[in-house]
Structure formats: C-alpha cells, structure tokens
Chemist: 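Got a structure here, written out as structure tokens. Questions coming.
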Amino acid sequence: MKSMPSNFSAGELLPLSFYAGSALEAAPRLLGQTLVRETEEGAIRCRIVETESYGGIEDKGSHAYGGRRTARTEIMFGEGGAAYIYLIYGMYHCLNVVTGPRDDPQAVLIRAVEPLTQHDEALMRLHRGSRARRPADLSGGPGKLCRALLIDKSLNGALLHSSTSPLRLEAGAPPAGPAGDSAIIAAPRINIAYAAEYADMPWRFYYRDNPYVSVVDKERGIPY
DNA sequence: ACCACGATCGTCT
DNA sequence: GACGATCGTGGTA
C-alpha cells in the first residue's frame, strides 16, 4: 500500500478533517507532514519521520487503556486535532497528535523529526546544547525532539489545525532523494513490553533510510 | 497518605 | 549493554 503525506498543498495548514480517522491510519499519514513550532526566536519547521499509533481503550500500550480517563489523559478523549503532551521519567516530554471523534481516545506519538532548513537546524541545536553529534542525537526520539522544539506541558491541548497556535501541522512532503528515502517501514513500538499481546503490533512507522529515526529495525520491520 | 513505575536519555563500562 | 536521574501519575489503602 502506498502512503503519501497527503493530498493537500505543501505549506497549508492541515484541516480538522485530517484528524478525524483512527490513530492507526493517521500514524503513517503523518509521516512527511510539517510540524511548526512558534518560538520567541521565530518559527521552527521540521518533517515528521517517525510515529507510533496508540489507539483505543483496548490497546494495552495506551495511557487510555481500559477507558482510563484522568486529568492527564483527558485531552485524548477530546476531538482529534489537539496535542497531547505528557512528562515521562520525570524529565522528558512526549508529543502526541490526538485523532478520532470525541470520547474515543486515540493518539499518535511523534518519535522523530528532521529540520527542514539549516535555520531550523540551528535553532534546534541551540536548544539541545552541544550534544547533537549525529542527526538522531538532535531530534531522533520523543524526548529529544521536545527539547529541540521547546515543547512542554504548557502546550498540552494546543490546536494543531489552528493558524494562531504555537504548535501546528502543515502539509509537507516526503524526503527528496533516492527512492529509498521515502520508503516506509512498519515495526513494533518502542519500550512497551508491558503491553502484552499489543507489544508486538507493528504500529510504529518510519522512513527506512532516514538518519533522524530513533531506532531502525533490522529484522522485525516490514515494508508498509 | 503511600508507593511503584514509566510511550526516555545520557553517561559509563 | 547497564544504570541512574527525577517526578507526575495512577493504583491501592
């Protein structure tokens, strides 16, 4: 099955309807789209290159498993299009895109992004300190990309489809270059061994040859 | 009130 | 490959 970022024009805000479907269909569709973060230093734009689907109350890997509706997960129970941001391990934040209708908690974890221009990369490096020696060190990983883009819980609930939001999504394009650069792999999600039978579901999606991807599966990944 | 633990990362061996 | 950092969250009492 071919997946392309969208049928939308590059640079345009993704409409509310983009978020109406399930997390499982949104996860691969989010690859190639542009995440925009407005900071005091200006906008930072980057391409989404790795995602994970966390869908529905039956997914044992999801914070909303079993219908758990708490202060933290509340935003997931809202209509698709909002950002769900939480703190993990007491020191890192993770960014999710909420999808689906109200009262159906689904979200897509953004696991890796790639700066679009040198200007974007420079700002991201600034926020990451001197660590980033390789591309994946800069923004390959959910905690790293939130650091690079200054994303924390103050942005929880941000409307990604709103032109005035400090965090939003625009239609983008797959990486340019050799054919392999836009080849998509589906593989098991990272660090969810506790999810039992859901731990092995191939619900992680990423561009096969992209250097910003956090973890590359040598055996378990399959073409999407 | 108490407590175990996590959709991670950086450092060290 | 192993381990510690660090604290909000959710389950239990």
Side-chain angles (χ1 to χ4, degrees), chain A residues 22-24 26-28 30-31 35 48-77 80 82-100 104-114 124-158 160 167 185-206 211-221:
Chain A
S22 70
L24 191 52
L30 277 163
L31 295 179
L35 179 64
I48 297 172
V49 299
E50 179 182 355
T51 61
E52 279 180 1
S53 166
Y54 288 85
I57 61 177
E58 69 280 353
D59 180 2
K60 292 181 179 174
S62 172
H63 292 161
Y65 170 61
R68 259 176 41 210
R69 187 166 186 160
T70 65
R72 179 174 68 152
T73 64
E74 181 61 29
I75 196 72
M76 292 180 77
F77 285 80
Y84 166 45
I85 298 163
Y86 65 91
L87 180 68
I88 186 69
Y89 294 104
M91 56 181 82
Y92 297 105
H93 292 275
C94 289
L95 167 68
N96 296 257
V97 174
V98 176
T99 76
D104 184 359
Q106 306 206 41
V108 177
L109 173 67
I110 307 302
R111 285 196 56 90
V113 298
E114 162 184 39
M124 290 166 67
R125 282 186 175 279
L126 202 58
H127 304 144
R128 288 283 292 141
S130 56
R131 283 166 213 95
R133 310 180 28 63
R134 315 163 33 117
D137 296 334
L138 180 65
S139 53
K144 295 178 198 174
L145 74 87
C146 282
R147 285 278 173 86
L149 298 176
L150 301 181
I151 293 171
D152 63 22
K153 282 184 71 175
S154 69
L155 293 171
N156 189 40
L160 301 170
L167 190 62
I185 295 295
R189 296 172 292 178
I190 302 297
N191 280 341
I192 53 159
Y194 57 84
E197 71 270 27
Y198 286 86
D200 294 320
M201 295 293 172
W203 291 347
R204 185 167 73 99
F205 305 89
Y206 60 91
Y212 287 85
V213 169
S214 67
V215 179
V216 175
D217 293 63
K218 291 183 165 56
E219 299 178 2
R220 306 213 289 169

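Numbered from 1 within each chain, the chains take letters A, B, ... in sequence-line order.
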Chemist: If you check every side-chain atom of Arg68(A), which of dT8(B), dG10(C), dG10(B) has the closest atom?
Modeler: dG10(C)
Chemist: Nearest to the side chain of Thr70(A), which nucleotide is it out of dT8(B), dT9(C), dA7(B)?
Modeler: dT9(C)
Chemist: Whole angstrom is fine here: how far is it from CG in Asn156(A) over to C1' in dT9(C)?
Modeler: 14 Å
Chemist: For the side chain of Lys144(A), counting heavy atoms from C-beta on, which of dT9(C), dC9(B), dT8(B) is nearest?
Modeler: dC9(B)
Chemist: Think Arg111(A) has a side-chain N or O under 4.0 angstrom from the OP1 or OP2 of dA7(B)?
Modeler: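 So the side chain of Arg111(A) is outside the cut-off, no N or O lying under 4.0 Å from OP1 or OP2 of dA7(B).
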Chemist: Round to a whole Å and report the spacing from OH of Tyr194(A) to P of dT8(B).
Modeler: 8 Å
Chemist: When you measure from the side-chain N and O atoms of Asn191(A) to the phosphate of dT8(B), is any distance below 4.0 Å, counting only OP1 and OP2?
Modeler: yes
Chemist: Tyr54(A) side chain: which of dT8(B), dA5(C), dA7(B) is closest?
Modeler: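 The answer is dA7(B), which lies nearest to the side chain.
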Chemist: What are the two closest non-hydrogen atoms of Leu30(A) and Ile48(A), and how far apart are they?
Modeler: O-CB, 3.5 Å
Chemist: Sub-3.5 Å donor-acceptor pair from the side chain of Ser139(A) to the main-chain atoms of Val113(A), do we have one?
Modeler: yes
Chemist: Let me know the distance between OH of Tyr84(A) and C1' of dG8(C), rounded to the nearest Å.
Modeler: 11 Å
Chemist: In sequence, state the C-alpha distance, the side-chain angles, and the governing distance for Leu149(A) and Met124(A), and then conclude on side chain to side chain contact (heavy atoms under 4.5 Å, CB included).
Modeler: CA-CA 6 Å; Leu149(A) 298 176; Met124(A) 290 166 67; 4.0 Å; yes
Chemist: Less than 4.0 angstrom between a side-chain N/O of Arg204(A) and OP1 or OP2 of dA7(B), yes or no?
Modeler: no
Chemist: Walk me through whether Arg204(A) and Asp217(A) qualify under side chain to side chain contact (heavy atoms under 4.5 Å, CB included).
Modeler: CA-CA 10 Å; Arg204(A) 185 167 73 99; Asp217(A) 293 63; 2.3 Å; yes
Chemist: Looking across every strand, which nucleic acid part, if any, lies under 4.0 Å from Gly61(A) by heavy atom: base, sugar-phosphate, or nothing?
Modeler: base
Chemist: From the options dG8(C), dC9(B), dA7(B), select the nucleotide whose nearest atom is closest to the side chain of Tyr92(A).
Modeler: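 Of the options given, the side chain of Tyr92(A) lies nearest dC9(B).
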Chemist: Quick one: is dA7(B) close enough that its OP1 or OP2 comes under 4.0 Å of any side-chain N or O from His63(A)?
Modeler: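 So the side-chain polar atoms of His63(A) do come within 4.0 Å of the phosphate oxygens OP1 or OP2 of dA7(B), strictly under.
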Chemist: Just so I know, are the side chains of Tyr206(A) and Arg111(A) near enough to count as touching, which here means a heavy-atom distance under 4.5 Å?
Modeler: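 Not touching, per the 4.5 Å side-chain cut-off.
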Chemist: Base, sugar-phosphate alone, or nothing: which one does Arg69(A) contact when heavy atoms must sit under 4.0 Å apart?
Modeler: nothing
Chemist: Whole angstroms only, please: what is the CE-P distance between Met91(A) and dC9(B)?
Modeler: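 Taking CE of Met91(A) and P of dC9(B), I get 12 Å after rounding.
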Chemist: Mind checking if Gly90(A) touches a base, just sugar-phosphate, or nothing, with heavy atoms under 4.0 Å?
Modeler: base
Chemist: Rounded to whole Å, how long is the line connecting atom NE2 of His93(A) with atom P of dT9(C)?
Modeler: 10 Å
Chemist: Describe the nucleic acid contact of Arg189(A) in one word from base, sugar-phosphate, nothing, applying a heavy-atom distance below 4.0 Å.
Modeler: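 It contacts nothing in the nucleic acid.
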Chemist: Find the partner of dT6(C): check Watson-Crick (N1-N3 plus N6-O4 or O6-N4) and G-U wobble (N1-O2, O6-N3) distances, both under 3.5 Å, and reply none if neither fits.
Modeler: none
Chemist: Suppose you measure atom P in dC2(B) against the same atom in dT6(C); what distance do you get, rounded to whole Å?
Modeler: 23 Å
Chemist: Is Arg189(A) positioned over the aromatic face of Tyr198(A), cation under 6.0 angstrom from the ring centre and no more than 45 degrees off axis?
Modeler: no
Chemist: If you check the Lys153(A) side chain, which of dG8(C), dG10(C), dT6(C) turns out closest?
Modeler: dG8(C)
Chemist: Measure from CD1 on Ile190(A) to P on dC9(B) and round the result to the nearest Å.
Modeler: 10 Å
Chemist: Take atom NZ of Lys60(A) and atom C1' of dG6(B), then tell me their distance rounded to the nearest Å.
Modeler: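 That distance rounds to 18 Å.
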Chemist: Nearest whole angstrom, please: distance from the P of dG10(C) to the OH of Tyr86(A).
Modeler: 12 Å
Chemist: Any side-chain heavy-atom pair from Arg147(A) and Tyr92(A) closer than 4.5 angstrom?
Modeler: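 Sidechains of Tyr92(A) and Arg147(A): in contact.
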Chemist: Can you see if the side chain of Arg134(A) gets near the phosphate of dG10(B) - specifically, an N or O under 4.0 Å from OP1 or OP2?
Modeler: no
Chemist: Look at the side-chain N and O atoms of Tyr89(A) and state whether any lies under 4.0 Å from the OP1 or OP2 oxygen of dG4(C).
Modeler: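 The answer is no; no side-chain N or O of Tyr89(A) sits under 4.0 Å from OP1 or OP2.
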Chemist: Of all the choices, dA7(B), dG10(B), dT6(C), which nucleotide is nearest to the side chain of Ile88(A) once you look at every atom?
Modeler: dA7(B)
Chemist: If you look at every strand shown and take non-hydrogen atoms under 4.0 Å, does Leu87(A) touch a base, only sugar-phosphate, or nothing?
Modeler: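 Sugar-phosphate contact only.
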